[in-house]
Number of protein chains: 4
Amino acid sequence: MPEHRRGPVRSEAARLAILEATARLFEERGYDQLTMEGIAAEAHVGKQTIYRWWPSKSAIVADCLVEGLLLSEYLSPPDTGDLRTDLVTWMRGILGFLENGGASLVRSLVAAAIDQPAIGARLEETMGVNDLLRARLESAVAAGQFSASRPTQAFGQAFVGAIVLHALVATPAEPDAAERLVDAVLG
Amino acid sequence: MPEHRRGPVRSEAARLAILEATARLFEERGYDQLTMEGIAAEAHVGKQTIYRWWPSKSAIVADCLVEGLLLSEYLSPPDTGDLRTDLVTWMRGILGFLENGGASLVRSLVAAAIDQPAIGARLEETMGVNDLLRARLESAVAAGQFSASRPTQAFGQAFVGAIVLHALVATPAEPDAAERLVDAVLG
Amino acid sequence: MPEHRRGPVRSEAARLAILEATARLFEERGYDQLTMEGIAAEAHVGKQTIYRWWPSKSAIVADCLVEGLLLSEYLSPPDTGDLRTDLVTWMRGILGFLENGGASLVRSLVAAAIDQPAIGARLEETMGVNDLLRARLESAVAAGQFSASRPTQAFGQAFVGAIVLHALVATPAEPDAAERLVDAVLG
Amino acid sequence: MPEHRRGPVRSEAARLAILEATARLFEERGYDQLTMEGIAAEAHVGKQTIYRWWPSKSAIVADCLVEGLLLSEYLSPPDTGDLRTDLVTWMRGILGFLENGGASLVRSLVAAAIDQPAIGARLEETMGVNDLLRARLESAVAAGQFSASRPTQAFGQAFVGAIVLHALVATPAEPDAAERLVDAVLG
DNA sequence: GCTTAATCGAGACGGTACGTCAGGTCTTGCG
DNA sequence: CGCAAGACCTGACGTACCGTCTCGATTAAGC
């Protein structure tokens, strides 16, 4: 029989205020302008309340991702029946997002991922690899446009990796970058 | 006729001491344990001498990469005549390097790249995309193993991106990760 | 009903440690060898704790004076009934103190007074003008040795000023300097 | 036969430029805003040229005083025949000068005097003690207004000391401060 | 209802590193 | 060889945050 704790439970209001303040500041200023003191002030919360529940700022950012506060998840590949066209459309959308301010957000997420591998994993997922892209690929396999023997996860990693690299290098994408990347990988 | 500057010129000794100290500390402790004060102390140099010539620590790290002080460039793909085998061998080497401490170094370089796009570009290059991998791919085209129409640069970006992602996510590679990645991309 | 402040209160231990460290270093090394970093180290205190409560090192020195940590207040004129003799004795004591290392302490205090007028005022007081010397003069007025019409404060300022000047100029006092000064002022 | 030095001699232009720049900056900003680098820049002179000839900034300030670049020497006591009236007039002039910005200049000079006793001596002189005041006192002795037995130098020190103290404490002088000081000292 | 204990906002604490400023010395090329 | 210029090493400056600790108030479960 478990020992019941006495006293008040964790304040959901504080938890949410912290996550929202973090998301807000993260998008405004980026990962390394993000400070624990800044979050505490923005959320009207004591620093100790943060440290009681999270060990580091990257952990908070990870939670923001998990709660869907950070990357809008509109980034799923369409399914018109033609795999190559769909992948190109999808990549164009992502590259467009990167060019319009998205790059710095992704860079910041990468920065957060550096000392919080879970963020990297979540980033991979969020950008479509595990679920959305896989679903699209399986649809393509069914349509005979994609060999069932090609490993879908690694395939997705190559795409997301290229995107991340693109965000890091920060060179403006050439007009046909989407096509070229899809062609390079799709064969 | 050029205006001659008067006064002392930049001290090459100081410049080298700083770069070497940076490389040393970077490999020992990683990017964010790297501090300007630490570099100054390790190089027996005044902080001002650093700030006179570099605006930020990421800029120094970038210079280290450019001077070849940071990533040994042994990472070129072999050429046995069989492209798939060679790429798998190459990837295995890299993944092995990541598993044995290399991952944190790459993570640190990514951290450095975040506010210094030139580092990202140099990182891309250093890890073989532009020259070494391209050469191998052209050899494969000549051998009829690779379609001349597939864009080699984007192809390389997919590889390097996957590697970077792998280093970020930091999950131990599965035994056949190299094969799967090559198969995914090569088709 | 007073508003209660929440949170920790100022640490008296830190406050005292800082003042004592300051007094110690001030006497050892003088005002301009005194550094904020030195005080922080000597007091085992963070620099911010100093800057939180004092705006400048002269303000700390002023507080040291106020707390009586700096000038031993043994410098009161005796009262044997003969004003001139007493003043000479008193001046001799002070000049002797100046010759034996006291001059540099007074010089340092003057340095501190330069950007902290309160120190000057306190210095004036401490050296006896306002209270001790005035009491002695009143006693002399009662004894008919001093005209009640002579302003005692200005009288004291002349004495202390001469002492300060003496400490600044740093010429070794001639044997009869005390007598001459008293005679000059007393008339 | 003396060895003749070879090479150019000390540049009088540089020497003057340095002294003038020092006087200019000193009056504009005060002693501790005065920096060697600032002087060098203002005088269009290399720092080494300063260090070659002066050991410290207070030494330069001392030279400025000696060259008469700093304190206008208009501060001599008048001689109407009535000593007390003359001293009061003289003190009033000085106190007025202190109130109108002179105090900070005197404070700065005192700061300079702290590590350059010669400045203190020169300051004492400049403010009239040794020559001008003594001459006036001797005239008073001749007129039977001042006892020949009172030591004139110590008398002057009391005056100048009170002035210095006044500049340090920085309290606005009361209207009758001049009278009171003269009466206190004169008896 | 009272006790007890964990929560909360606030913020002081000892520290580390920051990026800047000035100090005093050393080096370079010109006159 | 003096000079203007300026790079060098050093060390203190005042600031920003770190992560921990302390305060008084609040809140909820157990008695």
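Each chain gets a letter, A, B and so on, in the order the sequences are listed, and its residues count up from 1. Heavy atoms only: backbone and side chains are in, while hydrogens, waters and symmetry mates are out.
In terms of position on DNA chain F, the residue among Gly38(C) and Ala43(B) whose nearest nucleotide sits closer to the 5' end is Ala43(B). Of the two residues near DNA chain F, Met36(C) and Gly46(B), the one whose nearest nucleotide lies more 5' is Gly46(B). Heavy-atom nearest nucleotides on DNA chain E were determined for Pro55(D) and for Trp53(A), and the one closer to the 5' end corresponds to Trp53(A).
Summarising the geometry, the separation between NZ on Lys57(A) and C1' on dG19(F) is reported as 14 Å, rounded to the nearest angstrom. Spacing between atom CH2 of Trp54(A) and atom C1' of dT7(E) amounts to 14 Å, rounded to whole angstrom units. For Tyr51(A) and dC17(F), the OH to C1' distance is 8 Å, given to the nearest whole Å. Separating the CZ atom of Arg15(D) from the P atom of dC3(F) is a distance of 12 Å, rounded to the nearest angstrom. Across the protein-nucleic acid pair, Arg10(C) atom CZ and dA12(E) atom P stand 10 Å apart, rounded to whole Å. Remark: C1' of dG15(E) and CD1 of Ile18(C) are 14 Å apart, rounded to the nearest angstrom. Taking atom CG of residue Asp32(C) and atom C1' of nucleotide dC13(F), one finds them 15 Å apart after rounding to whole Å. Whole-Å rounding puts the His44(B) NE2 to dC9(F) P distance at 11 Å.
An OP1 or OP2 oxygen of dA12(E) is reached within less than 4.0 angstrom by no side-chain nitrogen or oxygen of Thr49(C). Contact between the side-chain N/O atoms of Arg52(B) and the OP1/OP2 oxygens of dC8(F) is found at a separation under 4.0 Å.
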Intermediate values then yes/no, side chain to side chain contact (heavy atoms under 4.5 Å, CB included), Phe26(B) and Cys64(B) | CA-CA 10 Å; Phe26(B) 184 96; Cys64(B) 283; over 6 Å; no

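With respect to Arg15(D) and Glu67(D), a salt bridge is recorded, a charged nitrogen being found less than 4.0 Å from a carboxylate O.
Separation of atoms OH (Tyr31(D)) and NZ (Lys57(D)) is listed at 5.0 Å; rounding is to 0.5 Å.
The side chain of Ala14(B) lies closest to dC8(F) when the candidates are dC8(F), dT25(E), dC8(E). Considering only side-chain atoms of Ser11(A), the nucleotide from dC8(E), dA12(E), dA22(E) that sits closest is dC8(E). The side chain of Glu37(B) has dG19(E) as its nearest neighbour among dT22(F), dG19(E), dA16(F).
Looking at Thr49(C), its side chain never comes within 3.5 Å of a backbone N or O of Val45(C) through a donor-acceptor pair.
Contact check for Met36(A) versus Trp54(A): no side-chain heavy atoms found under the 4.5 Å cut-off.
Not a single donor-acceptor pair, N or O on each side, falls under 3.5 Å between the base of dG6(F) and the side chain of Lys47(D).
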